[in-house]
Student: 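One structure follows; several queries about it will come next.
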Amino acid sequence: MTIAEIQQEIMRMKKEQDVCILAHAYQGQEILEVADYMGDSYGLSVQASKSNCKGVIMCGVRFMAETCKVLSPDKKVWLANPLAGCPMAEQLDLEGLRELKAKYPDYAVVAYINTTSELKTECDVCVTSSSAVQICSRLDNDKILFIPDPNLGRYVAEQMPEKTFAFYNGGCPRHIVVSTKDVEKARKAHPNALLLVHPECRQEVVEQADYVGSTTGIMNYARKSDCREFIIGTENSIVEHLQFDCPDKAFYPLAVPLTCMNMKITTLMDIYNCLKGRGGEEIRLPENVIEGAGRCIRRMVELGE
Ligand code: 13P
Ligand code: SF4
């Protein structure tokens, strides 16, 4: 079968089965073309809570499918490729979190959405890269334990010096490989380009950016900007999507290793096989996890509005 034939068959089956396909912006172009919705982690969560189809196929990583299941427990939710996990989401377990909480007893625990739903059951609220600043500023507590990404955490903390932050020493193994040397090289090669970066990058990289934002934030900024050239400091699929969207502008990757293998493991055939009933993984979560993580995620949606 050709890519176009597989896409056509996916479109037919999803309609027949009343299944909607949600895709994170780091998915490949051929997947975005069959998706009902494409966005960043926050947009996917909101979409998951609103959608009224019977089933959802998540093309992204496991915590995204879990978030979807927590927000729509009566729906069938599949992770298109069961191997797609986010290494950052697995950096801190419940035991580690409890130790941290004992060290910072009067701190509000703010979990990046890139955490397991089990971990979220013991956190006060979760945030995404696009909602973190707003949500942390709206919390009553002036002391915040931010887990697990200290890069996003520091970026948020800088916007509100009146609050005290504590961090966990985690981080995204992809975004942290980018260095100031990469910035120097890219700026030299493309002196007229703006540098747009994700806040999961190291602090010294973020400090040099012209714009800092989530995957959707970066895409919207580049689409609307009058500038013609951009260096993209997040997963390299965003470079490709922007090239499709804005063929008259030029987009350059900040660093070649900025490719998330975990996101890239999902293929068009995974969606096809999932709809055929011979692939994907149906997400099942214990009642207490749905309830506890639900409180944490719904608080994010409320405070993020
Ligand atoms: P966004 O919230 O920008 O979608 O980021 C999710 C992610 O995993 C980035 O690496
Ligand atoms: Fe996780 Fe980093 Fe991949 Fe995002 S880019 S899914 S944070 S490993």
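Just so it is clear, the values below take in all heavy atoms, side chains as well, and ignore hydrogens, waters and symmetry mates. Given the structure is predicted, the values throughout are model-derived calculations rather than measurements. Note that ligands are numbered from 1 as they come in the structure, with each ligand's atoms numbered from 1 the same way. Index from 1, following the sequence.
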Student: What's the shortest distance from atom 4 (Fe) of ligand 2 to any protein heavy atom, and which residue and atom give it?
Tutor: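 Heavy-atom neighbour on the protein nearest atom 4 (Fe) of ligand 2: Y26 CE1, 4.0 Å.
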Student: Just jot down the ligand 1 atoms closer than 4.0 angstrom to any heavy atom of N114, in number order.
Tutor: 7 (C), 8 (O)
Student: Report yes or no: does E235 have a heavy atom closer than 4.0 Å to ligand 1?
Tutor: no
Student: Could you note down all residue pairs passing salt bridge (Lys or Arg N to Asp or Glu O under 4.0 Å) where residues 4-26 supplies at least one of them, sequence neighbours left out?
Tutor: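 Sorted result for residues 4-26: E9-R12, R12-E16, K14-D36.
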Student: Just to verify, what does R62 make a salt bridge (charged side-chain N to carboxylate O under 4.0 Å, His left out) with, not counting sequence neighbours?
Tutor: E281
Student: Quick one: pull up CD in E229 and CZ in F251 and give me the separation to the nearest 0.5 Å.
Tutor: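 So the gap between those two atoms works out to 10.0 Å.
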Student: I'd like to know if the side chain of K120 and the backbone of T115 have a donor-acceptor N/O pair within less than 3.5 Å.
Tutor: yes
Student: Hey, does T128 come in under 3.5 Å of ligand 1, counting only N/O atoms on both sides?
Tutor: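 For ligand 1, there is no N or O atom that lies under 3.5 Å from one belonging to T128.
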Student: Among the heavy atoms of C172, does any lie under 4.0 Å from an atom of ligand 1?
Tutor: no
Student: Taking both backbone and side-chain atoms of S41, is any N or O found less than 3.5 Å from an N or O belonging to ligand 1?
Tutor: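 In this structure, S41 places an N or O atom under 3.5 Å from an N or O of ligand 1.
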Student: How long is the straight-line distance from CZ of F146 back to NZ of K163, given to the nearest 0.5 Å?
Tutor: 12.5 Å
Student: Hey, is Y26 one of the residues with a heavy atom under 4.0 angstrom from ligand 1?
Tutor: yes
Student: Could you check H198, H175, K264 and say which one makes a side-chain hydrogen bond (donor to acceptor under 3.5 Å, both in side chains) with E235?
Tutor: K264
Student: Which atoms of the protein, restricted to N, O or S, are nearer than 2.8 Å to atom 2 (Fe) of ligand 2?
Tutor: C172 SG
Student: Give the atom numbers and elements of ligand 1 that come within less than 4.0 Å of a heavy atom of S214.
Tutor: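 Listed by number with element, the hits are 3 (O).
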Student: For N273 and R278, test the side chains for any donor-to-acceptor distance below 3.5 angstrom and give the result as yes or no.
Tutor: yes
Student: At what distance is the nearest protein heavy atom to atom 4 (O) of ligand 1, and which residue and atom is it?
Tutor: H24 NE2, 2.6 Å
Student: Report the residues that fulfil ring-ring contact (aromatic ring centres under 6.0 Å, His included) with Y37, sequence neighbours left out, ordered by chain and then residue number.
Tutor: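 Scan of Y37 (ring-ring contact (aromatic ring centres under 6.0 Å, His included), adjacent residues dropped) gives none.
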Student: Examine the side chains of S214 and T216 and answer whether a donor and an acceptor come within less than 3.5 Å of each other.
Tutor: no
Student: Starting from atom 10 (O) of ligand 1, locate the nearest protein heavy atom and write down its residue, its atom name and how far away it is, to 0.1 Å.
Tutor: E200 OE1, 2.9 Å
Student: Around atom 5 (O) of ligand 1, find the nearest protein heavy atom and jot down its residue, atom name and distance.
Tutor: H198 NE2, 3.3 Å
Student: Compare all side-chain heavy atoms of H241 with those of Y26 and state whether any distance is below 4.5 angstrom.
Tutor: no
